[in-house]
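Notes to accompany the following structure.
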There are 2 protein chains.
Amino acid sequence: MEADKQKDEIFVRDCPIRNILSRISDKWSILVIFTLEQTAVMRFGELQRAIPDISQKMLTVTLRTLEQDGIVNRRVYAQIPPKVEYSLTSRGQSLLPRLNALIDWAKEQMDAIMEDRARSGQKASATSIIQYE
Amino acid sequence: MEADKQKDEIFVRDCPIRNILSRISDKWSILVIFTLEQTAVMRFGELQRAIPDISQKMLTVTLRTLEQDGIVNRRVYAQIPPKVEYSLTSRGQSLLPRLNALIDWAKEQMDAIMEDRARSGQKASATSIIQYE
DNA sequence: CTGAATCCATGACGATACTG
DNA sequence: CAGTATCGTCATGGATTCAG
């Protein structure tokens, strides 16, 4: 009734799986989370240097979303020049083991998948930012 | 040297995490995987009925990708009308525990996240396709 | 029944410039 | 230093149509 002009923005299907996956499966969230795992507390500029490919905009957006989801803390110091520190919340830390389980699986399967995909014309240069032991 | 006209399509950063996440974090893959977990072998039409929101195109694309990654099997019966059955491969099944760990976490945190997000104007109708016990 | 092919809307993302 | 604002590009995915 109230949805005459525009479509209903409420979609019937949004299950927990999709909700959580959409939160961490964007382009940069995982990378930020793992970067913060290695260095518990980081300033904005540090994160940017640790993840060279990310733009300021996307780093900001990613951090804001992670903050909204209670995965990272954002601590602002009232000083000039500004100083803002980011760190994982306990919820963010509780996510790590699960994420690691998934990534371990990924590493196990990666070679095989790459071979399977070879004839599909898949690129794979392996310079990764985060070191996996 | 060979990249004069066009940009290099090879991006320096593609780490295993991103590679695997990008494979399962599209809109439908997870849903298909979990649907196939519940009913081991399903025909195309069954999958479509089990996931009402998905379009034929996206179901096809999703299944093709999952097949390329060795996560689902595709079995074609040479008959008219066509009959195609999909099922999880062993690799697909090995993914499930990890995925479940993540989803358990998601369920645990979901309520809290929703409350945190309330003031951000987040929609959340909870009619999910897959039942979580 | 199981797709393939096409067109198109949306939103994610990147580059750049500007600011307290 | 840590953002915000704006704009352009491109991939994702939905609707529709055609086909074996």
Side-chain angles (χ1 to χ4, degrees), chain A residues 5-14 18 21-32 36 41-68 72-87 121-123, chain B residues 6-9 11-14 18-19 21-32 41-68 72-87 121-123:
Chain A
K5 307 175 186 176
Q6 303 295 58
K7 305 173 185 176
D8 242 28
E9 289 173 3
I10 300 175
F11 296 94
V12 196
R13 161 216 35 67
D14 61 326
R18 291 283 313 286
L21 255 284
S22 66
R23 280 182 169 70
I24 59 169
S25 69
D26 63 309
K27 192 167 183 181
W28 298 109
S29 290
I30 306 273
L31 221 39
V32 169
L36 281 175
V41 179
M42 298 181 80
R43 302 184 55 174
F44 188 89
E46 287 184 281
L47 279 165
Q48 214 175 343
R49 264 172 274 121
I51 311 175
D53 292 349
I54 201 172
S55 61
Q56 301 111 330
K57 174 189 171 182
M58 287 318 296
L59 182 53
T60 301
V61 170
T62 302
L63 286 169
R64 289 286 186 281
T65 303
L66 291 174
E67 187 192 3
Q68 284 187 343
V72 306
N73 286 314
R74 178 169 184 265
R75 181 172 186 180
V76 184
Y77 294 83
Q79 62 182 49
I80 303 292
K83 174 178 175 181
V84 183
E85 287 179 344
Y86 295 93
S87 58
Q122 179 80 355
K123 301 285 176 53
Chain B
Q6 303 294 59
K7 304 173 185 176
D8 243 27
E9 289 172 2
F11 296 95
V12 195
R13 161 216 36 67
D14 60 325
R18 290 282 313 285
N19 266 322
L21 256 284
S22 66
R23 280 182 168 70
I24 59 169
S25 69
D26 63 313
K27 194 167 183 181
W28 298 110
S29 291
I30 306 274
L31 221 39
V32 170
V41 179
M42 298 182 80
R43 300 183 57 175
F44 188 89
E46 288 184 280
L47 278 165
Q48 215 175 343
R49 264 171 274 122
I51 311 174
D53 292 348
I54 202 172
S55 61
Q56 298 120 330
K57 173 190 171 181
M58 288 319 296
L59 182 53
T60 300
V61 170
T62 301
L63 287 168
R64 288 288 184 280
T65 304
L66 291 174
E67 188 192 2
Q68 284 188 344
V72 306
N73 286 315
R74 179 170 185 265
R75 181 172 186 179
V76 184
Y77 293 84
Q79 63 182 49
I80 302 293
K83 174 178 175 182
V84 183
E85 287 180 343
Y86 294 93
S87 59
Q122 179 80 354
K123 301 285 176 50

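Throughout, protein chains are lettered first and strands after them, A, B, ... in sequence-line order, and every chain is numbered starting at 1. What you are looking at is a predicted structure, and each value in this text was computed from that prediction instead of being measured.
- Remark: C1' of D:dA15 and CE of B:M58 are 13 Å apart, rounded to the nearest angstrom.
- Atom-to-atom, CD of A:E85 to P of D:dC1 comes out at 14 Å; the value is rounded to the nearest Å.
- Computed from coordinates, the A:I54 CD1 to C:dA15 C1' distance equals 14 Å when rounded to whole Å.
- Between the two ends of the helix from C:dC1-D:dG20 to C:dG20-D:dC1, each summarised by a five-pair axis, the helix axis turns through 40° (rounded to 10 degrees).
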Using the 3.5 Å cut-off, write out each protein N or O paired with an N or O of nucleotides 2-8 of chain C and the distance between them.
unit_1 : atom_1 : unit_2 : atom_2 : d
C:dT2  : OP1    : B:R43  : NE     : 3.1
C:dT2  : OP1    : B:R43  : NH2    : 3.3
C:dT2  : OP2    : B:G45  : N      : 2.8
C:dG3  : OP1    : B:R64  : NH2    : 3.2
C:dG3  : OP1    : B:R74  : NH2    : 2.2
C:dG3  : OP2    : B:Y86  : OH     : 2.5
C:dA4  : OP1    : B:R64  : NH2    : 3.2

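- The OH atom of A:Y77 sits 13 Å away from the P atom of D:dG3 (whole-angstrom rounding).
- Rounded to an integer number of Å, the gap from A:M42 CE to D:dA2 C1' is 15 Å.
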Side-chain donor-acceptor pairs of residues 79-87 of chain B under 3.5 Å, sequence neighbours excluded:
unit_1 : atom_1 : unit_2 : atom_2 : d
B:E85  : OE1    : B:Y77  : OH     : 2.8
B:Y86  : OH     : B:R74  : NE     : 3.1

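- Between the NZ atom of B:K27 and the C1' atom of C:dT10 there is a distance of 10 Å, rounded to whole Å.
- One interatomic measurement links the two molecules: CG of B:L47 to P of C:dC1, which rounds to 14 Å at whole-angstrom precision.
- In this structure, B:N73 and B:V41 have side chains that are not in contact, with every pair of non-hydrogen atoms separated by 4.5 Å or more.
- In terms of heavy atoms, B:L63 sits closest to B:V72 at O-CG2, 3.8 Å.
- With sequence neighbours excluded, the residues forming a side-chain hydrogen bond (donor to acceptor under 3.5 Å, both in side chains) with B:S29 are B:D26, listed by chain and number.
- Here salt bridge (Lys or Arg N to Asp or Glu O under 4.0 Å) pairs that include residues 57-67 of chain B, with residues two or more places apart or in two chains, number zero.
- In this structure, OG1 on B:T60 lies 8.5 Å from CD1 on B:I54, to the nearest 0.5 angstrom.
- B:W28 pairs with exactly one of B:L66, B:L59, B:V61, B:I51 by the side chain to side chain contact (heavy atoms under 4.5 Å, CB included) rule, that one being B:I51.
- To the nearest 0.5 angstrom, B:F44 atom CZ is 5.0 Å from B:Q48 atom CD.
- The nearest whole Å value for the distance from the CG atom in A:L59 to the P atom in C:dA12 is 17 Å.
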